[in-house]
Student: 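Following this message is one structure expressed as structure tokens.
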Amino acid sequence: MEKAIIIRYSEIHLKGKNRGYFEKLLKNNIKNSLKGIEHTFTAMHSRYLVENYAEEDGDLIIEKLSKVAGIHTYSHAFVVESSLENIFAAATEICKGKKGTFKVATNRADKNFSPDSMEISRLVGGKILEKYYKDLSVRVKEPDFTISIDIREDGKTFVYTDNIAGLGGMPVGSAGKGMLLISGGIDSPVAGYMIAKRGMKLDAIHYHSFPYTGEAAKEKVIELSKKVGEYNGGMNLYVVPFTHIQEAIHEKCHEEFMITMMRRFMMRIAERLAVKLGDQAIVTGESLGQVASQTIESMTSSNSIVSMPVLRPLVAFDKVDIIKISKKIETYDTSILPYEDCCTVFLPKFPVIRPNLKKVQEMEKALDVEGLIEEAMSKIEKYEL
Ligand code: ATP
Ligand code: MG
């Protein structure tokens, strides 16, 4: 029996006038995610259909689809030529090995097909019970599962059960473009995933302090960016050399302001690159109060030198909840690899927790801010992931 995957959208149908645009984006995103896997793709009224794929590609297709934002639910279906015999065969096949209560729901788009929906449901239910009366019984209200039968106008019928939850969210590209500050830590990959899921297409930027941080630390960030990219239709990572900036700060500024100063450079460079690439927002993995550098005063200090909105999707999250998501998106094991991050180099023993903005601005005057930024930006490496 031929198999198919029925895909349903999520919030898109709420978006009135934009609906066409959202649908087109989602369709393209799904097609891109399945590139290289043989299949046919059909857009139907308010759902999509993936068919004609090799049996052994079934799991891979599901894995890819599970990372496409905007998919509400999907189902595995049998596709048969519309006839009662074929429908019986598919429905009983689906029930193989199942236990509990069920009902049959039929939808007949092809009004020439007879009998009518009610009668089909009744007959199919009867067939199932005939075969599996020991394990299954009918229950119309809140059954354990529903066998759905869609008799299409084109002479084919879908038979399926269970709507499996998709990723949800909005199609990537529907909410503009952003620049993710990605470190090797747990938080920023999760932040990227969450924003991508809301429909923002992301670029990523990473500050690298060679030779204080080595090749392995960079590889780790590449690996994390790839993972986030799976939810983002791929992602470009820009690696910025940060060593000279850190050395300059170390030399010219009070030790306890190291992190505050670094953050400001990170934000400035991120914004400049964002402008170049047409990104409209900066995204970080900061969470309020998580560490000394994530107080509202620190956020004020780093916001004050950029005019782009800074999105912090994790701002109100507890660490345990962030870790849960990082495990789900499979970034956790990479994030906890013990390589140095640029923020652990020159780390002061007692960082300022509530940096005073005036003081910070005054101290910064000792630095050739413009020269340092220009130098770093001229040496950016780009990775297309
Ligand atoms: P993470 O788990 O994402 O590393 P964190 O809890 O370690 O975050 P910080 O070190 O204060 O927190 O970093 C806050 C945010 O600043 C990060 O989430 C990330 O967005 C950004 N950031 C930190 N270090 C870097 C870096 N080397 N390159 C790019 N962005 C960085
Ligand atoms: Mg970190």
Side-chain angles (χ1 to χ4, degrees), residues 178-196 202-210 212-214 216-222 224-225 227-228 235-243 245-246 249 258-274 281-299 301-303 306 308 310-327 329 331-348 351-353 355 376 380-381 383:
M179 174 63 76
L180 171 68
L181 272 80
I182 192 164
S183 70
I186 294 170
D187 303 338
S188 39
V190 172
Y193 155 76
M194 290 183 65
I195 287 289
L202 294 174
D203 289 307
I205 189 166
H206 175 68
Y207 301 94
H208 186 55
S209 312
F210 188 79
Y212 301 105
T213 59
K218 197 203 292 182
E219 284 302 320
K220 177 180 171 182
V221 173
I222 290 175
L224 290 172
S225 301
K227 287 274 184 203
V228 176
M235 188 160 72
N236 292 334
L237 169 68
Y238 297 84
V239 176
V240 184
F242 208 49
T243 316
I245 292 175
Q246 283 179 294
I249 300 171
M258 188 75 208
I259 292 181
T260 308
M261 293 296 176
M262 273 166 43
R263 281 272 176 277
R264 286 166 66 87
F265 274 93
M266 286 185 182
M267 294 299 253
R268 285 189 178 102
I269 294 173
E271 185 179 49
R272 289 203 197 182
L273 184 62
I282 292 171
V283 182
T284 79
E286 289 160 298
S287 161
L288 192 60
Q290 195 186 83
V291 291
S293 61
Q294 297 181 10
T295 57
I296 188 64
E297 289 81 359
S298 300
M299 292 182 192
S301 149
S302 43
N303 274 27
V306 291
M308 249 179 215
V310 181
L311 305 180
R312 298 179 170 92
L314 305 182
V315 74
F317 274 57
D318 286 348
K319 194 77 183 187
V320 283
D321 296 321
I322 299 172
I323 288 175
K324 258 188 221 153
I325 302 175
S326 81
K327 286 185 174 165
I329 64 170
T331 51
Y332 182 74
D333 290 341
T334 308
S335 289
I336 58 171
L337 292 173
Y339 304 123
E340 293 265 287
D341 178 72
C342 78
C343 294
T344 51
V345 182
F346 302 118
L347 189 71
V352 282
I353 292 174
I380 291 180
E381 290 176 284
Y383 296 85

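Counting starts at 1 for both ligands and their atoms, in listed order. Keep in mind that what you see is a predicted model, and the values were worked out from it rather than measured.
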Student: Give the atom numbers and elements of ligand 1 that come within less than 4.0 Å of a heavy atom of Arg263.
Tutor: 9 (P), 10 (O), 11 (O), 13 (O), 14 (C), 16 (O), 23 (C)
Student: Does the Thr243 side chain pair with the main chain of Phe210, one donor and one acceptor, at a distance under 3.5 Å?
Tutor: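 Yes; at least one donor-acceptor contact below 3.5 Å.
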Student: Looking only at atom types and distance, does a side-chain atom of Ser335 sit under 3.5 Å from a main-chain N or O of Gly185, one as donor and one as acceptor?
Tutor: yes
Student: For ligand 1, which atoms sit closer than 4.0 Å to a heavy atom of Thr284?
Tutor: 20 (O)
Student: Nearest 0.5 Å please: distance from the CD atom of Glu297 over to the OG1 atom of Thr260.
Tutor: 10.5 Å
Student: Could you tell me, atom by atom, which parts of ligand 1 come under 4.0 Å of a heavy atom of Ile186?
Tutor: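 Near Ile186, meaning under 4.0 Å from one of its heavy atoms, ligand 1 has 2 (O).
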Student: With no hydrogens and no angle check, do the side chains of Ser298 and Thr295 hold a donor and an acceptor under 3.5 Å apart?
Tutor: yes
Student: Report yes or no: does Lys220 contribute a side-chain atom to a donor-acceptor pair with the main-chain N or O of Gly184 at less than 3.5 Å?
Tutor: yes
Student: Are any non-hydrogen side-chain atoms of Asp187 and Lys319 less than 4.5 angstrom apart?
Tutor: yes
Student: Ignoring hydrogens, just give me the one of Val239, Val310, Asp187 whose non-hydrogen atom is nearest atom 6 (O) of ligand 1.
Tutor: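 That would be Asp187.
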Student: Taking the side chain from Gln294 and the backbone from Ser287, do they hold a donor-acceptor pair closer than 3.5 Å?
Tutor: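 Present.
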Student: Under a 4.0 angstrom heavy-atom cut-off, which atoms of ligand 1 come close to Ile205?
Tutor: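 So the answer, numbered in order with elements, is 29 (C).
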Student: Counting both backbone and side chain atoms, is some N or O of Ile182 under 3.5 Å from an N or O of ligand 1?
Tutor: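 Yes: some nitrogen or oxygen of Ile182 is under 3.5 Å from one in ligand 1.
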Student: Can you tell which of Lys319, Gln294, His206 gets a heavy atom nearest to atom 26 (C) of ligand 1?
Tutor: His206
Student: Looking only at heavy atoms, what is the nearest atom pair of Gln246 and Ser209, with distance?
Tutor: OE1-OG, 2.5 Å
Student: Which heavy-atom pair separates Met266 from Tyr207 by the least distance, and what is that distance?
Tutor: O-OH, 2.5 Å
Student: Please classify the Ile259 to ligand 1 contact at 4.0 Å (heavy-atom distances, strictly less than): side chain, backbone, both or neither.
Tutor: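 Neither; no heavy atom under 4.0 Å.
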Student: Provide the number and element of each atom of ligand 1 under 4.0 Å from a heavy atom of Glu286.
Tutor: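 Atoms satisfying the 4.0 Å criterion: 14 (C), 15 (C), 18 (O).
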Student: Between His208 and ligand 1, which residue portion shows a heavy-atom distance shorter than 4.0 Å: side chain, backbone, both, or neither?
Tutor: neither
Student: So is there a nitrogen or oxygen of Gly285 less than 3.5 Å from a nitrogen or oxygen in ligand 1?
Tutor: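 In this structure, Gly285 places an N or O atom under 3.5 Å from an N or O of ligand 1.
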Student: If you count the atoms of ligand 1 from 1 in the order shown, which ones are under 4.0 Å from a heavy atom of Gly185?
Tutor: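 It comes down to these atoms of ligand 1: 1 (P), 2 (O), 4 (O).
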Student: Identify which of Ser326, Ser183, Ser298, Ser209 has a heavy atom lying nearest to atom 4 (O) of ligand 1.
Tutor: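 Going through Ser326, Ser183, Ser298, Ser209 one by one, Ser183 has the nearest heavy atom to atom 4 (O) of ligand 1.
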